Enquirer: 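This is the structure I have questions about; it appears just below.
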Amino acid sequence: MTTSFKINLRRGMTVTGKWKRNRYQVERLLGEGANGKVYLVQRDRSWYAMKVGADAVDLQSEINVLQALAKQEKSGGRSRQDALPGGASGEPFLIDVDDLYGSDGREYSFYIMRYVRGVTLSEYLSQNGKEWFPLVGLNLLNKLAALHSKGWVFGDLKVENVLVADYGYVELVDYGGATASGRGIRQFTEIYDRGYWNAGSRSADAKYDLFSFGVLCLQLLEPKRLQQLTTGLPQNRSIEELLQLSKENETLKPVSEWLHRALTGDFWDAAEGAEAWRLLMHRRQLRRRSDTPGWLKGLAAVSAVLLGVSVYWLLRGGL
Ligand SMILES: Nc1ncnc2c1ncn2[C@@H]1O[C@H](COP(=O)(O)OP(=O)(O)OP(=O)(O)O)[C@@H](O)[C@H]1O
């Protein structure tokens, strides 16, 4: 519908859908990318996110994916609620689709989705600490696993497309790259792309997302060094360079073997990857527990006995 994208919605403005006449009040810009702008809007006292498309065709294919996923979710019952964006909450993700008139008199397509109250992955880790990385990683892998189980590949997995809410709850946004398994990936970002690193094709398979997940870990914890790797000759880019980074980073070292498997396509899908990640977390927790020095354990035991004796005497005194 449009080629140049000049839409600029201001706070307090009311947007009325051309066809359905639903009215939305604009609160603020949430984010923008190559495909459009996303605004926080309000209707009937509820908050939503409104994505206004730079290109009507691209936006429509994103909407088609969301509609296909919603249909699958309905017909498949509620066995894997988190397969869909917003699925675990039980609320639909895609709420409305319509066109609007911009102040330049042009028509723009938009869709309304559930507002995800969260911050990007990197913001979350810098606000809450890197110790959240294993849990958030696991939640993200589970989210991908649910999508893979429905025959979809997310495609454009990157830090900006993962929002994290309280307690490490993860939500994927921007389904512009979501592709049915077996097709060519519809949209990707170079640094997260398997083809870019000479590590495989751009055909949609679950391993493609796991590769991007591996790069995402590096982007979160070694962003500068990862960026440096992109300045070399394209034919020299390789998984070995990525693995070297993971081995040298303190937070990533414990998962470097896991990353090796993800980057080389050794996991069949994200469910297998998530299970291996979960086991790693579990083992580390156990190790940490058994790492408690003997003297500290002894001290804890003595304190417990002393506490028991004190309680006993207190109770006796009260009788
Ligand atoms: N449902 C939502 N709730 C809250 N914030 C959102 C939501 N959807 C998108 N955003 C915010 O808006 C930003 C841009 O959205 P989105 O990634 O869909 O745009 P895009 O144009 O497709 O981007 P890209 O160029 O990466 O493809 C996101 O990074 C996110 O911060």
Side-chain angles (χ1 to χ4, degrees), residues 1-9 11 15 24-43 46-67 69-70 82 84-97 102 108-127 136 140 143 147 152-166 169-179 185-193 196 202 208-209 212 215-216 219-220 223:
M1 204 177 295
T2 58
T3 44
S4 61
F5 190 62
K6 294 195 189 109
I7 192 98
N8 193 11
L9 305 178
R11 185 168 193 265
V15 170
Y24 299 94
Q25 193 167 18
V26 178
E27 181 63 21
R28 65 182 165 92
L29 184 71
L30 285 170
E32 61 184 301
N35 298 331
K37 291 187 177 179
V38 180
Y39 293 92
L40 176 64
V41 295
Q42 199 179 30
R43 180 180 139 205
S46 296
W47 294 107
Y48 300 103
M50 166 190 271
K51 183 161 183 174
V52 190
D55 181 284
V57 179
D58 282 349
L59 196 79
Q60 189 54 52
S61 59
E62 199 170 318
I63 292 167
N64 291 346
V65 171
L66 289 170
Q67 283 171 336
L69 278 165
D82 54 352
L84 255 186
S89 66
E91 289 173 56
F93 189 74
L94 182 66
I95 307 223
D96 191 11
V97 180
Y108 295 89
S109 296
F110 73 86
Y111 72 81
I112 300 288
M113 62 186 138
R114 198 165 70 77
Y115 167 49
V116 180
R117 272 170 226 269
V119 292
T120 65
L121 252 173
S122 32
E123 280 167 341
Y124 190 84
L125 294 186
S126 63
Q127 283 168 14
V136 172
L140 176 54
K143 201 86 206 172
L147 201 61
W152 291 88
V153 172
F154 188 69
D156 199 8
L157 182 65
K158 56 180 171 180
V159 172
E160 297 83 346
N161 287 347
V162 183
L163 295 183
V164 190
D166 289 346
Y169 171 81
V170 164
E171 190 68 86
L172 288 165
V173 291
D174 190 1
Y175 280 72
T179 311
I185 293 286
R186 282 160 16 102
Q187 187 183 304
F188 58 86
T189 302
E190 267 190 348
I191 201 167
Y192 297 86
D193 169 44
Y196 180 83
R202 289 194 181 111
Y208 186 92
D209 278 345
S212 305
V215 179
L216 179 139
Q219 179 65 37
L220 280 176

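We count ligands from 1, going down the list as the structure has it; atoms in each ligand are counted the same way. This one's a predicted model, so the numbers in the text were calculated from it and none came from an experiment.
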Enquirer: Would one find an N or O of Gly36, backbone or side chain, under 3.5 Å from an N or O of ligand 1?
Expert: yes

Enquirer: When only distance counts, is Leu163 in polar contact with ligand 1, meaning an N/O pair under 3.5 Å?
Expert: no

Enquirer: Measure Lys37 to ligand 1 on non-hydrogen atoms and call it side chain, backbone, both or neither using the 4.0 Å cut-off.
Expert: neither

Enquirer: Do Asp96 and Tyr48 touch side chain to side chain, with heavy atoms closer than 4.5 Å?
Expert: no

Enquirer: Quick check on Gln187 - does any of its heavy atoms sit under 4.0 Å from an atom of ligand 1?
Expert: yes

Enquirer: Do Tyr208 and Asp193 have side-chain N/O donor and acceptor atoms under 3.5 Å apart?
Expert: yes

Enquirer: Identify, by atom number and element, the atoms of ligand 1 in contact range of Leu30, meaning under 4.0 Å from any of its heavy atoms.
Expert: 4 (C), 5 (N)

Enquirer: Answer yes when Lys158 and Asp174 have at least one side-chain N-carboxylate O distance shorter than 4.0 Å, and no when they do not.
Expert: no

Enquirer: Would you say Ala34 and ligand 1 have an N/O pair spaced under 3.5 Å apart?
Expert: yes

Enquirer: Considering only heavy atoms, which of Arg114, Arg117, Lys158 lies nearest to atom 1 (N) of ligand 1?
Expert: Arg114

Enquirer: Taking the side chain as every heavy atom from C-beta outward, state whether Val170 and Val136 have any pair of such atoms under 4.5 Å apart.
Expert: yes

Enquirer: Is Glu32 in polar range of ligand 1, meaning some N or O pair under 3.5 Å apart?
Expert: no

Enquirer: If the cut-off is 4.0 Å to any non-hydrogen atom of Val116, which atoms of ligand 1 fall inside it?
Expert: 1 (N), 2 (C), 3 (N), 4 (C)

Enquirer: I'd like to check which ligand 1 atoms, numbered from 1 as shown, lie under 4.0 Å from a non-hydrogen atom of Tyr115.
Expert: 3 (N), 4 (C)

Enquirer: Does Thr189 have a non-hydrogen atom less than 4.0 Å from ligand 1?
Expert: no

Enquirer: Within the structure provided, determine whether Leu172 and Val162 are in side-chain contact (heavy-atom separation under 4.5 Å).
Expert: yes

Enquirer: Taking the side chain as every heavy atom from C-beta outward, state whether Leu66 and Tyr111 have any atom pair closer than 4.5 Å.
Expert: yes

Enquirer: Below the 3.5 angstrom mark, is there an N/O of Asp174, backbone or side chain, next to an N/O of ligand 1?
Expert: yes

Enquirer: How does Leu40 reach ligand 1, by side chain, by backbone, by both or by neither, if only non-hydrogen atoms under 4.0 Å count?
Expert: neither

Enquirer: Just to verify, what does Gln219 make a side-chain contact (heavy atoms from CB on, under 4.5 Å) with, not counting sequence neighbours?
Expert: Val159, Ile191, Tyr192, Pro223, Leu226

Enquirer: Should Lys37 and Leu9 count as side-chain neighbours, where that means a heavy-atom distance under 4.5 Å?
Expert: no

Enquirer: Say whether Glu62, considering both its backbone and side-chain N or O atoms, lies within less than 3.5 Å of an N or O atom on ligand 1.
Expert: no

